[in-house]
Amino acid sequence: MPELPEVETVRAGLAPFVTGATIVAVDVRRDSVARHTPGGSAELQARLRGATIAGAVRRGKFLWLPLTFADDAPPAESLSAHLGMSGQFRVHTAADAPAPHPHCRARLHLSRAGDDLVLDFLDQRTFGYLHVEELRPTDDGFAGGQGSADALIPASVTHIGRDALDPDLDVPAALRAWRRGTRGIKQVLLDQTLVSGIGNIYADEALWRARVHPERPAQATSVATASALLEATQAVMRDALAQGGTSFDALYVNVNGQSGYFGRGLEAYGRGGEPCGRCGNALSRATIGGRASHWCGRCQRRYSPRRAAVR
DNA sequence: AGTAGCACCTGATTGC
DNA sequence: TGCAATCAGGTGCTAC
């Protein structure tokens, strides 16, 4: 499922095709893809038509394309996209574009330097969406590193924290936020308002790597442990990114739902009952906070207040 | 304020 | 065999 590394792969794959392209027409094939836009698909179509895409920017799992219009003003609006669980983008030349796939929720017709392109948004499970909205200055100095889009983020993304690979992540503040409250540490890792980009799969992987039990209360997590968790998160995401970036061809923007990184490299997620790659103990699987969770009961000790008190 | 729980949706898989 | 229940996932909303 698309988490930070997968969304970054999509962003990086999309950017060279769409930057500088003008949106000629938008064919919405399922109205719910525009459910976050107040006026629905009609407003999405009307506000996108004629816009030129200035780049592709990402924070955590949120992706957006800043838009400029004929007046040459800096981008003030964006086409925002969230892949949900199963979203994909595919790019075709207009001449080679196939009939829309049954899971195609929207087809955008683009034009750049005389070339006509088709950008399909596919989404089997329909948790993803496209949205057109204004860009807002953010008070935390976020710089997406995308030139003209610096320091502006879509209105719907303002509540999302900097992501785990953002060089400007305020690490001490992030660790403090992770160590607050009564929730289990895994639920805290999944809280996109604190540190974004971590989903169910990488949460399990990071916890396994850092040897932390998913149900350890956040407030019983030491600075050292929280710090190790953040570093494990960054390491596993960098590893995934290195593999996710390997497999795309010109017309397919890889969302990497199953292929690529998945099925290799994973030590915990989806491996309930299989031996731990570190100690050989059978990995546990249970639902925690409504999410399938996987961990090693030997390497990742459950928190015990009594043991903590003795020490 | 912080947290838990559910709705949203579809297709694959499992159970009867 | 056929149908129904279950599961998976991220986010945003509601209710405590």
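Bear in mind the structure is a predicted one, so any value in this text is a computation, not a measurement. Chain identifiers are assigned alphabetically (A, B, ...) following the order of the sequence lines, protein sequences preceding nucleic acid strands; residue numbering begins at 1 within each chain.
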Worksheet item: Hey, is E3(A) close enough to K61(A) for a salt bridge, meaning N to O under 4.0 Å?
Response: no

Worksheet item: OH of Y129(A) versus P of dC13(C): gap in Å, rounded?
Response: 10 Å

Worksheet item: How long is the gap from CG on L65(A) to CD1 on I23(A), to the nearest 0.5 Å?
Response: 7.5 Å

Discussion item. From CZ of F127(A) over to P of dG11(B), roughly how many Å is that when rounded to an integer?
Written reply: 13 Å

Item to complete: State which of dT3(B), dG12(C), dG11(B) makes the closest approach to the side chain of Q124(A).
Response: dG11(B)

Worksheet, complete the sentence: In whole angstroms, the gap separating P of dC8(B) from CZ of R35(A) amounts to 11 Å

Discussion item. Please confirm whether the ring centroid of F62(A) lies under 6.0 Å from the ring centroid of H82(A).
Written reply: yes

Worksheet item: Atom OH of Y202(A) to atom C1' of dG10(C): distance rounded to whole Å?
Response: 15 Å

Practice prompt. Quickly work out the Q88(A) CD to dG10(C) P distance and round it to whole Å.
Written response: 16 Å

Worksheet item: Is there a side-chain polar atom (N or O) of T126(A) under 4.0 Å from OP1 or OP2 of dC8(B)?
Response: no

Item to complete: Indicate whether OP1 or OP2 belonging to dG12(C) is found under 4.0 Å from a side-chain N or O atom of H159(A).
Response: yes

Practice prompt. Give a yes or no on whether a salt bridge exists between D120(A) and R105(A), defined as a side-chain N under 4.0 angstrom from a carboxylate O.
Written response: no

Worksheet item: Less than 4.5 Å apart, any side-chain heavy atom of Q187(A) and any of P214(A)?
Response: no

Item to complete: Using whole Å, report how far CG of D123(A) lies from P of dT11(C).
Response: 13 Å

Worksheet item: Nearest-Å distance, CZ (R179(A)) to P (dG2(B))?
Response: 16 Å

Discussion item. It should be established whether H82(A) places a side-chain nitrogen or oxygen under 4.0 Å from OP1 or OP2 of nucleotide dT11(C).
Written reply: yes

Worksheet entry | Q187(A) CD to dG10(C) C1', straight-line distance once rounded to whole Å | 14 Å

Worksheet item: If you round to the nearest 0.5 Å, how far is CG of D31(A) from OG1 of T37(A)?
Response: 11.5 Å

Discussion item. Among R298(A), R301(A), R278(A), which residue satisfies the side-chain contact (heavy atoms from CB on, under 4.5 Å) criterion with R211(A)?
Written reply: R278(A)

Practice prompt. Tell me what S32(A) touches on the nucleic acid: a base, only sugar-phosphate, or nothing, going by heavy atoms under 4.0 Å.
Written response: nothing

Practice prompt. Using a cut-off of strictly less than 4.0 Å, decide whether R30(A) has a side-chain nitrogen or oxygen near OP1 or OP2 of dT10(B).
Written response: yes

Taking N or O atoms only and anything under 3.5 Å, show me the protein contacts with nucleotides 4-8 of chain C, one pair per line.
| unit_1 | atom_1 | unit_2 | atom_2 | d |
| --- | --- | --- | --- | --- |
| dA8(C) | OP1 | R285(A) | NH2 | 2.0 |
| dA8(C) | O3' | Y269(A) | OH | 3.3 |
| dA8(C) | N3 | R125(A) | NH1 | 3.0 |

Item to complete: Identify which nucleotide among dG12(C), dT3(B), dG10(C) has an atom closest to any side-chain atom of K61(A), counting heavy atoms from C-beta outward.
Response: dG10(C)

